[in-house]
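These notes are about the structure you will find just below.
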Amino acid sequence: MLKDNALLVRDQIIELLAKTNSELTTTLKHDSPFQLLIATILSAQCTDKRVNSITEKLFAAHPTVEALDQLSLEKLEAYIKSAGLWRIKARNIKHTCRMLINDFHGEVPKTRDELMRLPGVGRKTANVVLANAFYIPAFPVDTHVHRVANRLGLVNSKTSIQTESQLMNIIPYNHWNDAHHWLINHGRQVCQARRPLCNKCILTDHCQYNNQH
DNA sequence: AACTCGGGGCA
DNA sequence: TGCCCAGAGTT
């Protein structure tokens with residue numbers, strides 16, 4: 001019963017994706033897995049647009065792990081100060097560069113476990129790199145995705161890891177990327193954590209949350 | 001599982 | 001100016 005509802009919601013979303021313009025999807029600009037890794041570390045609690053404005057200059061001058069490793073902590077901090085949490089991120093990025101060189105032959109690892117050993121890389125960031133740098137099936141779940149998918153009844157899960165696997169099961173692989181971006185945008189603009197704007201929502205007919213409030 | 005971190009954004 | 005955000009890391 002719940003599963004049937006999830007399938008209905010899924011089909012509604014996929015229908016919406018066809019009409020959605022690609023401008024809705026913000027992307028982190030990068031030329032290599034390494035650059036995507038650094039950009040994704042920077043993107044925590046920060047919009048992709050601001051990250052891109054930082055990495056545009058940073059990667060122009062220091063495009064590789066070897067080049068970025070040579071950059072002093074102070075200069076790195078100066079580059080990324082507009083990203084928020086810059087002290088932590090600068091330290092993590094420096095440490096990550098050293099680990100890539102020392103432990104991974106200067107390459108970005110291709111497994112989630114290895115990626116998550118890098119400081120500043122959690123499960124969500126690891127999944128972003130796996131999916132977008134290496135095209136390895138992975139579904140990044142942030143709080144927006146987790147909240148919206150559960151409210152809509154697309155999944156029924158306690159943890160974001162459960163949400164991750166349930167979304168991978170119910171959404172066709174070719175829609176993972178745009179569905180991910182749609183869920184994030186819907187979470188930011190409509191299905192907000194505290195004040196969900198259900199009157200602006202197109203999916204209220206099958207929504208568990210809306211029908212309870 | 002719940003808490004802390006530490007910046008920016010926004011009312 | 002105080003509250004909120006959203007990831008990672010810690011206990």
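Convention: sequence-line order gives letters A, B, ...; per-chain numbering from 1.
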Checklist entry - For atom P, what is the distance between B:dT4 and C:dC3, given to the nearest Å? => result 16 Å

Checklist entry - P atom, B:dC3 versus C:dC4: distance in rounded Å? => result 15 Å

If you look only at distance, which donor and acceptor atoms sit under 3.5 Å apart when one is on a side chain in residues 30-39 of chain A and the other is two or more places apart or in another chain?
unit_1: A:His30; atom_1: ND1; unit_2: A:Leu28; atom_2: O; d: 2.8
unit_1: A:Ser32; atom_1: OG; unit_2: A:Gln35; atom_2: N; d: 3.1
unit_1: A:Gln35; atom_1: OE1; unit_2: A:Asp31; atom_2: N; d: 2.9
unit_1: A:Gln35; atom_1: NE2; unit_2: A:Pro63; atom_2: O; d: 3.2

Give every pair of a protein N or O atom and an N or O atom of nucleotides 9-11 of chain B that lie under 3.5 Å apart, one pair per line with the distance.
unit_1: B:dG9; atom_1: OP1; unit_2: A:Arg50; atom_2: NH2; d: 2.9

Checklist entry - Any side-chain heavy atom of A:Val145 sitting closer than 4.5 Å to one from A:Phe139? => result yes

Checklist entry - Do the side chains of A:His186 and A:Leu183 get nearer than 4.5 Å, heavy atoms only? => result no

Taking only distance into account, with no hydrogens and no angle test, what donor-acceptor pairs under 3.5 Å do side-chain atoms of residues 67-79 of chain A form with protein atoms, sequence neighbours excluded?
unit_1: A:Asp69; atom_1: OD1; unit_2: A:Arg98; atom_2: NH1; d: 3.1
unit_1: A:Asp69; atom_1: OD2; unit_2: A:Arg98; atom_2: NH1; d: 2.6
unit_1: A:Ser72; atom_1: OG; unit_2: A:Lys75; atom_2: N; d: 3.1

Checklist entry - Taking only residues two or more places apart in sequence, or in another chain, which ones meet A:Glu107 in a side-chain hydrogen bond (donor to acceptor under 3.5 Å, both in side chains)? => result none

Checklist outcome for this item: By side-chain hydrogen bond (donor to acceptor under 3.5 Å, both in side chains), A:His175 pairs with (sequence neighbours left out) A:Asp178

Checklist entry - Of the nucleotides B:dG6, C:dA6, B:dG7, which has the atom closest to the A:Leu85 side chain? => result B:dG6

Checklist outcome for this item: Against the side chain of A:Arg87, the closest entry in C:dG7, B:dG7, B:dC5 is B:dG7

Checklist entry - Of A:Thr159 and A:Ala83, whose closest DNA chain B nucleotide lies nearer the 5' terminus? => result A:Thr159

Provide, to the nearest angstrom, the distance between the [atom1] atom belonging to [X] and the [atom2] atom belonging to [N].
| X | N | atom1 | atom2 | answer |
| --- | --- | --- | --- | --- |
| A:Asn127 | C:dG7 | CG | C1' | 13 Å |
| A:Leu42 | B:dG7 | CG | C1' | 13 Å |
| A:Asp142 | C:dA6 | CG | P | 7 Å |

Checklist entry - Would the number of heavy atoms belonging to other residues, nucleotides or ligands and lying under 6.0 Å from OH of A:Tyr135 be above 12? => result no

Next on the checklist: Is it the case that the side chain of A:Lys89 and the backbone of A:Gly84 share a donor-acceptor pair, with hydrogens and angles ignored and the cut-off at 3.5 Å?
Outcome noted: yes

Next on the checklist: If we ignore hydrogens and angles and just use 3.5 Å, is the side chain of A:Glu56 paired with the main-chain N or O of A:Ser53 as donor and acceptor?
Outcome noted: no

Show each protein N/O and nucleotides 8-11 of chain C N/O combination with a separation under 3.5 Å, one pair to a line.
unit_1: C:dA8; atom_1: OP1; unit_2: A:Gly122; atom_2: N; d: 3.0
unit_1: C:dA8; atom_1: OP1; unit_2: A:Thr125; atom_2: N; d: 3.1
unit_1: C:dA8; atom_1: OP1; unit_2: A:Thr125; atom_2: OG1; d: 2.8
unit_1: C:dG9; atom_1: OP1; unit_2: A:Gly120; atom_2: N; d: 2.3
unit_1: C:dG9; atom_1: OP2; unit_2: A:Val121; atom_2: O; d: 3.3

